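One structure below.
Just so it is clear: chains get the letters A, B, ... in the order the sequence lines come, proteins before strands, and each one is counted from 1. Since we're looking at a predicted model, the values are computed, not measured.
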Protein chains: 2
Amino acid sequence: MQTLIEIQQQLLPDLLVVMRKRYLILRQVMLSDMVGRRTLAASLDMTERVLRAETDFLKAQGLLLIDAAGMRISEAGKRLLEDMEPFYKTMFGLSELEERIRHHFGLKQVVIVSGDSDSSPHTKRELGKAGCAVLSKAMKQNDVIAVTGGSTMAQVANQLTTQTPFKGNWFVPARGGLGESLDYQANTIASTMAKRTGAQYRMLHVPDHLGEEAYTSLMQEPNVREIVEVIRSARIVIHGIGDAMVMARRRRVDATVVEAMEAEGALAESFGYYFDRSGAVVHKMLTAGLRLEDIMETEVVIAIAGGRSKGEAIAAVMHFGHDDVLVTDEAAALEIAAIIDKEEQEASATSK
Amino acid sequence: MQTLIEIQQQLLPDLLVVMRKRYLILRQVMLSDMVGRRTLAASLDMTERVLRAETDFLKAQGLLLIDAAGMRISEAGKRLLEDMEPFYKTMFGLSELEERIRHHFGLKQVVIVSGDSDSSPHTKRELGKAGCAVLSKAMKQNDVIAVTGGSTMAQVANQLTTQTPFKGNWFVPARGGLGESLDYQANTIASTMAKRTGAQYRMLHVPDHLGEEAYTSLMQEPNVREIVEVIRSARIVIHGIGDAMVMARRRRVDATVVEAMEAEGALAESFGYYFDRSGAVVHKMLTAGLRLEDIMETEVVIAIAGGRSKGEAIAAVMHFGHDDVLVTDEAAALEIAAIIDKEEQEASATSK
DNA sequence: GGTGCGTGGACGTGTAATGTCCCGCATGCA
DNA sequence: TGCATGCGGGACATTACACGTCCACGCACC
């Protein structure tokens with residue numbers, strides 16, 4: 001059985017967005033007692049014109065009183081705010097979280113699905129769906145999309161569908177082979193995505209982790225070189241995020257290297273790199289795939305990861321600061337919010 | 001305390017309209033099992049193109065399955081319809097009623113406010129407000145608006161406000177003096193409305209009910225004649241509806257005439273005329289105000305009346321068939337719906 | 001009486017919604 | 001087996017609307 005809100009989300013996905021917008025306007029006016037349009041627009045981060053459309057509407061509904069001196073809330077508006085209070089958190093809790101995380105890390109967009117991917121396969125599926133929606137929106141024609149491996153990315157690949165085939169688009173793996181199971185290989189995922197969207201794909205058949213010698217000689221190979229250049233020119237990168245130690249072990253990284261990384265505080269792994277708590281890269285190395293400098297120049301970088309246990313790792317990668325969009329779940333988002341809280345407290349403590 | 005639905009009706013009435021539209025599409029598809037776009041558009045009374053936009057959306061949401069053979073509902077869509085069922089009536093019950101009544105009497109628009117004006121002054125105020133909204137929307141520049149008397153019309157006049165003054169507009173009484181209390185006189189109401197909207201007004205200082213001789217001689221008077229011509233040229237008429245016997249008594253109509261009218265089945269009164277159950281006019285008479293033929297040619301005729309006790313009278317006037325818009329309340333609307341039911345049953349019984 | 005902030009009106013522009021027409025295709029009937 | 005019908009979906013011109021921008025005017029406060 002679904003609640004009214006869940007039904008509405010399906011039937012009118014932007015209902016909550018509009019509702020929240022109007023609610024916030026009303027609340028802001030209430031708090032400001034009497035306020036002008038420009039001031040209000042600034043404090044709500046809206047353009048003056050769209051705010052005006054909304055206030056005109058709220059006035060017509062009798063929730064707002066507007067006269068030459070400015071705007072104030074009506075009795076009916078006050079009552080509405082009070083009555084809406086109990087619904088606010090369940091309705092907009094996630095939107096609020098999204099906005100908070102988006103703002104703190106300077107991202108373009110944050111999407112949070114409810115639940116915890118660690119414990120619920122259903123949430124993981126939803127996470128995949130949300131990832132698809134974001135990716136589909138980002139894709140244009142003749143794009144190159146670099147994808148990483150991992151179970152979450154595999155989930156995205158399985159959810160991907162499209163009405164109009166993206167014929168001119170290329171899916172490529174972001175990195176070479178990483179010694180994981182076949183299903184979670186970047187190569188596998190890139191090919192699945194391409195097949196499901198009617199796009200093309202290319203594979204990179206080299207191990208990711210290379211010594212300098214092997215790297216140089218492989219890059220002499222014309223066909224390797226060619227695909228590597230395609231990869232590095234990707235306009236969109238979509239990647240998962242993992243726990244550093246778990247990933248290192250799964251990838252059979254040298255025990256000594258693992259120890260070194262642990263000593264340096266490695267916490268998160270993403271597109272083959274390891275990050276510490278502050279988002280600094282631990283252990284940079286040669287790779288045939290995407291390099292850090294490529295990521296920094298990529299137009300759209302989408303991170304997708306969920307589950308309570310991944311919260312810290314996600315925050316670390318976000319600190320790295322080159323992502324544009326984050327798709328995650330409620331459990332991870334709450335962890336991230338807690339980390340933000342702590343950081344802000346520390347920041348205010350040191351500033352004193 | 002308001003429910004979430006009530007809050008939404010205030011905060012996003014526009015979106016709820018969209019929601020209803022999508023719900024009805026989904027339901028129609030469900031009932032039709034498998035149906036084409038053109039057929040569906042016809043049965044929902046929508047243009048093909050807007051239906052297409054909606055079905056594309058519903059398909060993207062996974063609620064509708066579309067293939068070369070036609071459209072059918074998906075499992076998720078079926079579930080959504082079931083889950084929405086309990087909310088439907090509270091959300092759209094009034095819209096449903098509006099549409100039903102609108103369609104049955106061939107009106108352009110029906111507006112229903114919740115409650116019963118007979119028992120709740122609050123509902124009566126809301127009725128007034130709704131009437132204002134309709135009237136404001138209908139008014140253009142340099143219009144002549146004829147208004148009748150009555151307590152409901154007085155309520156409309158008291159609620160009327162406007163941001164932009166309607167300078168070139170004229171409010172006039174639809175009929176002459178009718179021996180009611182001053183507050184409910186058409187003259188009074190016309191002047192109140194004019195004052196509240198910054199418009200002009202003219203008065204008609206003659207008794208409404210006239211013998212042939214008096215009528216002829218009064219119409220010789222140039223200033224009477226002039227205002228009468230203005231009245232009869234009104235582009236908008238807004239009128240109340242009353243119970244025939246109550247109004248006749250209040251207006252001190254001759255006892256013999258009252259008896260005659262009662263014998264003829266007089267049920268409702270509006271703009272000075274008396275109607276029987278089927279909307280036929282009982283007792284036509286000379287008047288210095290609006291005549292029936294004027295009403296028939298008026299561009300916009302707005303009826304406004306509410307309260308359970310008025311239901312029958314409203315239905316009678318609607319049968320008369322020259323109104324464009326009806327503004328009423330829930331209690332009256334339910335009475336009207338019951339009458340429609342009965343009529344339709346009788347109609348189907350005779351057709352057999 | 002000046003100054004600043006307020007609303008509301010006007011207007012140009014770009015984009016999304018809509019009306020219209022058409023195509024290729026599957027299906028069912030002759 | 002062939003033909004007609006009705007299907008979804010693509011294309012495109014037109015329209016309507018939302019939005020950014022600018023300005024006039026009025027009110028309150030200094």
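- A straight line from CE of B:M71 to P of C:dT27 spans 17 Å, rounded to a whole angstrom.
- Ranked by how close their nearest DNA chain D nucleotide is to the 5' end, B:G36 and B:R49 are led by B:G36.
- Using a distance-only test at 3.5 Å, with no hydrogens or angles considered, no donor-acceptor pair links the side chain of B:Q10 to the main chain of A:Q61.
- One atom, CD1 of A:I66, and another, P of C:dT7, lie 7 Å apart when rounded to the nearest Å.
- The number of heavy-atom neighbours closer than 6.0 Å to CG of A:D33, taken from other residues, nucleotides and ligands shown, is 12 or below.
- With sequence neighbours excluded, no residue forms a side-chain hydrogen bond (donor to acceptor under 3.5 Å, both in side chains) with B:E98.
- Taking the charged nitrogens against the carboxylate oxygens, A:D323 and A:K108 have no contact shorter than 4.0 Å, which rules out a salt bridge.
- Phosphate proximity of D:dG6 to B:T39: absent, as no side-chain N or O sits under 4.0 Å from OP1 or OP2.
- Regarding B:L58, its CG atom lies at a distance of 13 Å from the P atom of D:dG9, rounded to whole Å.
- Looking at B:R52, its side chain comes within 3.5 Å of the base of D:dG10 through a donor and an acceptor atom.
- Considering CG of A:L58 and CG of B:L11, their distance stands at 6.5 Å, rounded to 0.5 Å.
- As rounded to whole Å, 12 Å separates atom P of C:dG8 from atom CG of A:L65.
- We find that CD of B:E48 is positioned 10 Å from P of C:dG19, with the value rounded to whole Å.
- Residues from residues 9-32 of chain A that place a heavy atom under 4.0 Å from any atom of DNA chain C: there are none.
- Of all the heavy atoms in B:S74 and B:G62, the pair that sits closest is OG-O, 2.8 Å.
- Atom C1' of nucleotide D:dA28 and atom CE of A:M34 are separated by 11 Å, given to the nearest angstrom.
- Taking for each of B:T47 and B:R38 the nucleotide of DNA chain C with the nearest heavy atom, the 5'-most of the two is the partner of B:T47.
- OP1 or OP2 of D:dG9 lies within a sub-4.0 Å distance of a side-chain N or O belonging to B:K59.
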